[in-house]
Amino acid sequence: MESSNRTTPHVTRFGLYWSGSRRMSWPPNSPDLNPMEHIWDLIQRQLRAQTPSCPNISILRDRCLDIWYNLSPVMYQKLLASCLGELQLF
């Protein structure tokens, strides 16, 4: 079976140039474009603010779930809007 090599970086760069598209300066897996990374950061900050700290994994799980279930829908909308705003900068 012969392998086709049509997705080489050279061909991709040529295609982007030809179509007038611009490359993003962020890596493809950037946490800036991933709302879930922001949610995990929020959960982590809320966990660190709680005292006393979690004595075992069961309590840690319960606290994570409590934070998760009490996140407001407005917060999700703001995170999504911020990610979409980052994409529109290009």
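Hydrogens, waters and symmetry mates are skipped; everything else that's a heavy atom, side chains included, is used. Not measured: the values here are computed from a predicted model.
Residues Ile39 and Val74 fall into different hydrophobic clusters, defined by Ile, Leu, Val, Met, Phe, Trp and Tyr side chains chained together at heavy-atom separations under 4.5 Å. Leu65 and Met36 fall within the same hydrophobic cluster, where Ile, Leu, Val, Met, Phe, Trp and Tyr residues are linked whenever their side-chain heavy atoms come under 4.5 Å apart, directly or through other members.
Counting all heavy atoms, side chain and backbone alike, Cys54 lies closest to Leu60 at SG-CA, 3.7 Å. Of all heavy-atom pairs spanning Ser53 and Arg63, the tightest one is C-NH1, 3.8 Å. Minimum interatomic distance between Trp68 and Tyr76 (heavy atoms only, all atoms of both residues): O-OH, 3.8 Å.
To the nearest 0.5 angstrom, Gln46 atom CD is 10.5 Å from Asp41 atom CG. The NE2 atom of His38 sits 14.0 Å away from atom NZ of Lys78, with the distance rounded to the nearest 0.5 Å. Here the CZ atom belonging to Arg48 is positioned 11.0 Å from the CZ atom belonging to Arg45, to the nearest 0.5 angstrom. For the atom pair CD1 of Ile43 and SG of Cys64, the computed distance is 6.5 Å after rounding to the nearest 0.5 Å.
Side-chain contact between Leu42 and Ile67 is absent, with no heavy-atom pair separated by less than 4.5 Å.
At distances below 3.5 Å, at least one donor-acceptor pair connects side-chain atoms of Asn70 with backbone N or O atoms of Asp66.
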